[in-house]
Amino acid sequence: MAIGALQGVSQGQGFVDRRELYDSGVHRALQAGIVGRGKVGAESIVLSGGYVDDEDYGSVVIYTGEGGRDQNSGRQIANQSFSRGNQALVTSCLEGTPVRLVRKMNVEGNDVSGPKYRYDGLFHVESYWQETGLDGHQVCRFRLVDERAYQGYLGSNSPTELNHSTSARRVESVVQRVVRDTALGRRVKELHDYTCQVCGGRLHCVGGPYAEAAHIRPVGRPHNGPDDLSNLLCLCPNHHVLLDRGALVIDQNWNVQPLATKLRMVDRHKLDPAQTSYHWSIWRNESD
DNA sequence: GGGCCCGCAGGG
DNA sequence: CCCTGCGGGCCC
């Protein structure tokens with residue numbers, strides 16, 4: 001029942017089997033890959049290589065949700081939904097709470113007695129979406145980033161001062177909305193005079209207006225959206241969040257659904273319909 | 001607090 | 001390859 005780091009457990013620590021992981025409290029399940037509750041968030045996940053759709057890049061992990069899987073063959077035989085453990089990971093994303101990540105190691109040679117699992121520290125659920133998996137069914141997917149990588153993005157000089165329960169959400173926001181907010185981000189905001197393309201709102205702060213540059217198709221793996229104007233919107237914070245989390249999608253006619261309002265356009269800013277169509281594809285089942 | 005469902009085991 | 005199975009989450 002503990003979220004975050006555990007006393008007496010060090011990063012990189014090995015565990016012989018799932019029973020030892022269970023007893024240590026690192027991952028309190030003998031079989032399931034996700035431990036956590038829908039309304040509280042996830043505690044821990046195990047990356048075992050059992051899912052064909054998983055991608056492990058070290059500090060970035062693309063994790064496939066649970067469910068719809070044939071126990072024996074290991075193949076997806078039904079669609080997944082954002083429920084159970086998948087809902088727990090969504091909650092971790094929305095709340096910004098860290099998740100313990102355990103990797104199953106490929107044991108070299110015949111050393112059966114050695115540790116088969118390794119605790120690899122805390123990860124943040126940066127985003128979630130769904131897509132058609134390699135086996136042809138809808139799967140839930142999660143982009144997890146090593147918390148140390150986050151601190152690297154931020155250039156933080158005191159990683160240990162980060163309080164996960166209170167500041168992680170803000171950390172995530174900074175990564176998505178400020179660090180990537182370069183000259184291009186300023187450009188798109190100037191083109192729209194800091195007016196939200198969804199609601200037309202313009203936030204007047206002391207010192208000037210505030211808006212956010214939002215990528216339609218996310219940049220970085222696995223989405224690999226382009227970091228250019230044709231993939232950027234000028235949005236207020238609320239509609240930025242709703243777009244990123246799939247509550248808003250943009251259809252072929254530039255209507256924002258389910259609001260049924262037209263995306264506000266200006267002549268000098270052309271969008272690429274391929275990007276809105278990609279965004280649609282990863283959220284089509286959730287937005288109706 | 002009991003019953004039910006389900007899962008990124010593990011071993012034979 | 002098959003099957004037994006432990007225990008968490010969740011809904012009564």
Side-chain angles (χ1 to χ4, degrees), chain A residues 1-4 6 9 12-95 97-125 128-146 221-222:
Chain A
M1 285 283 274
I3 286 179
L6 295 179
V9 180
Q13 189 172 330
F15 296 85
V16 170
D17 54 18
R18 290 290 294 263
R19 170 58 70 178
E20 195 172 277
L21 270 173
Y22 176 89
D23 291 339
S24 72
V26 170
H27 190 73
R28 301 181 308 110
L30 296 177
Q31 206 175 315
I34 306 169
V35 169
R37 286 181 283 174
K39 290 179 181 167
V40 180
E43 283 186 26
S44 53
I45 62 173
V46 173
L47 187 62
S48 79
Y51 275 65
V52 289
D53 295 308
D54 286 348
E55 301 166 41
D56 191 349
Y57 304 109
S59 61
V60 174
V61 169
I62 312 302
Y63 191 75
T64 307
E66 66 184 18
R69 193 161 179 255
D70 183 67
Q71 292 282 316
N72 296 323
S73 68
R75 300 180 72 87
Q76 292 299 132
I77 55 172
N79 292 338
Q80 295 183 348
S81 68
F82 288 110
S83 60
R84 298 171 171 273
N86 302 341
Q87 173 65 60
L89 282 169
V90 167
T91 300
S92 298
C93 180
L94 296 176
E95 302 288 326
T97 51
V99 177
R100 291 187 295 274
L101 183 111
V102 174
R103 281 191 176 89
K104 186 173 189 174
M105 303 181 285
N106 18 350
V107 184
E108 299 292 331
N110 301 324
D111 185 14
V112 193
S113 62
K116 292 197 258 309
Y117 296 91
R118 187 182 62 220
Y119 171 55
D120 279 339
L122 299 178
F123 279 63
H124 287 290
V125 186
Y128 56 91
W129 66 97
Q130 57 167 27
E131 64 189 47
T132 304
L134 296 176
D135 285 340
H137 290 91
Q138 291 296 106
V139 293
C140 300
R141 310 201 72 197
F142 303 87
R143 179 182 155 103
L144 297 122
V145 181
D146 191 314
R221 285 188 287 223

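Numbers restart at 1 for each chain; the letters A, B, ... are given by sequence-line order, proteins then strands.
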A.B. asks: Do E131(A) and D53(A) touch side chain to side chain, with heavy atoms closer than 4.5 Å?
C.D. replies: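 Not in contact.
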
A.B. asks: Could you tell me the separation between the CD atom of E66(A) and the P atom of dG8(C), rounded to a whole number of Å?
C.D. replies: 15 Å

A.B. asks: What's the closest nucleotide to the L30(A) side chain, out of dC6(C), dC8(B), dA9(B)?
C.D. replies: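 Of dC6(C), dC8(B), dA9(B), dC6(C) is nearest to the side chain of L30(A).
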
A.B. asks: Can you check the E55(A) CD to dC8(B) C1' distance for me, whole Å?
C.D. replies: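 Taking CD of E55(A) and C1' of dC8(B), I get 16 Å after rounding.
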
A.B. asks: Is there a side-chain contact between L47(A) and D120(A) (heavy atoms, below 4.5 Å)?
C.D. replies: no

A.B. asks: With a cut-off of 6.0 Å (strictly less than), are more than 12 heavy atoms of other residues, nucleotides or ligands near CZ of R103(A)?
C.D. replies: yes

A.B. asks: Starting from P on dC8(B), measure out to CZ on R100(A) and report it in whole angstrom.
C.D. replies: 17 Å

A.B. asks: Nearest whole Å is fine: how far is dC10(C) P from Q87(A) CD?
C.D. replies: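 From Q87(A) CD to dC10(C) P: 9 Å.
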
A.B. asks: Return the nearest nucleotide to the side chain of A32(A); candidates are dC8(B), dG8(C), dC10(C).
C.D. replies: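 Of the candidates, dC8(B) comes closest.
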
A.B. asks: Looking across every strand, which nucleic acid part, if any, lies under 4.0 Å from G36(A) by heavy atom: base, sugar-phosphate, or nothing?
C.D. replies: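 Sugar-phosphate contact only.
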
A.B. asks: With sugar-phosphate meaning primed atoms plus P, OP1 and OP2, does G67(A) contact a base, only sugar-phosphate, or nothing at under 4.0 Å between heavy atoms?
C.D. replies: sugar-phosphate

A.B. asks: Considering just the side-chain nitrogens and oxygens of Y117(A), establish if one lies under 4.0 Å of OP1 or OP2 belonging to dA9(B).
C.D. replies: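 Answer yes for this pair, as a side-chain N or O of Y117(A) is under 4.0 Å from OP1 or OP2.
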
A.B. asks: For DNA chain B, which residues of residues 17-24 of chain A approach it to below 4.0 angstrom with any heavy atom?
C.D. replies: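 Going residue by residue through residues 17-24 of chain A, the ones with a heavy atom under 4.0 Å of DNA chain B turn out to be D17(A), R18(A).
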
A.B. asks: Just do the salt bridge (charged side-chain N to carboxylate O under 4.0 Å, His left out) check on R19(A) and D17(A) with the steps written out, would you?
C.D. replies: CA-CA 5 Å; R19(A) 170 58 70 178; D17(A) 54 18; over 6 Å; no

A.B. asks: Output the rounded distance in Å from CZ (R69(A)) to C1' (dC8(B)).
C.D. replies: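 Distance, rounded to whole Å: 6 Å.
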
A.B. asks: For dG8(C), take OP1 and OP2 only and decide whether either is under 4.0 Å from a side-chain N or O of R84(A).
C.D. replies: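 Answer no for this pair, as no side-chain N or O of R84(A) is under 4.0 Å from OP1 or OP2.
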
A.B. asks: Please determine whether a side-chain nitrogen of the Lys or Arg among R28(A) and E43(A) lies less than 4.0 Å from a carboxylate oxygen of the Asp or Glu.
C.D. replies: yes

A.B. asks: Is the distance from the ring center of Y128(A) to that of F82(A) below 6.0 Å?
C.D. replies: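 Between Y128(A) and F82(A), the centre distance is under 6.0 Å.
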
A.B. asks: Can you tell me the distance, in whole Å, between the CD1 atom of I34(A) and the C1' atom of dG9(C)?
C.D. replies: 12 Å

A.B. asks: Measure from NZ or CZ of R100(A) to the centre of the six-membered ring of Y119(A), then state whether that distance is under 6.0 Å and the direction lies within 45° of the axis.
C.D. replies: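 No; the conditions do not both hold, so R100(A) does not lie above the ring face of Y119(A).
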
A.B. asks: Grab the CD-C1' distance between Q80(A) and dC6(B) for me, whole Å please.
C.D. replies: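 Rounding to the nearest Å, CD of Q80(A) and C1' of dC6(B) are 13 Å apart.
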
A.B. asks: Is E55(A) salt-bridged to R141(A), going by a charged N under 4.0 Å from an acidic O?
C.D. replies: yes

A.B. asks: Want to know the stems of DNA chain B: at least 3 consecutive Watson-Crick or G-U pairs with distances under 3.5 Å, which are they?
C.D. replies: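 Expected stems, ordered by start: B:1-7 with C:6-12, B:9-12 with C:1-4.
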
A.B. asks: Main chain of V9(A), side chain of Q13(A): is a donor-acceptor contact present, judged purely on distance under 3.5 Å?
C.D. replies: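 Side chain of Q13(A) to backbone of V9(A): no pair is present.
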
A.B. asks: As a test of reading the structure: which of dG9(C), dG7(B), dA9(B) is closest to the side chain of Q71(A), going by heavy atoms?
C.D. replies: dG7(B)

A.B. asks: dG9(C) P sits how many Å from H27(A) NE2, rounded?
C.D. replies: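 Spelled out: NE2 on H27(A) to P on dG9(C) is 10 Å.
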
A.B. asks: Between the main-chain N or O of T64(A) and the side-chain N or O of D54(A), is there a donor-acceptor pair closer than 3.5 Å?
C.D. replies: yes

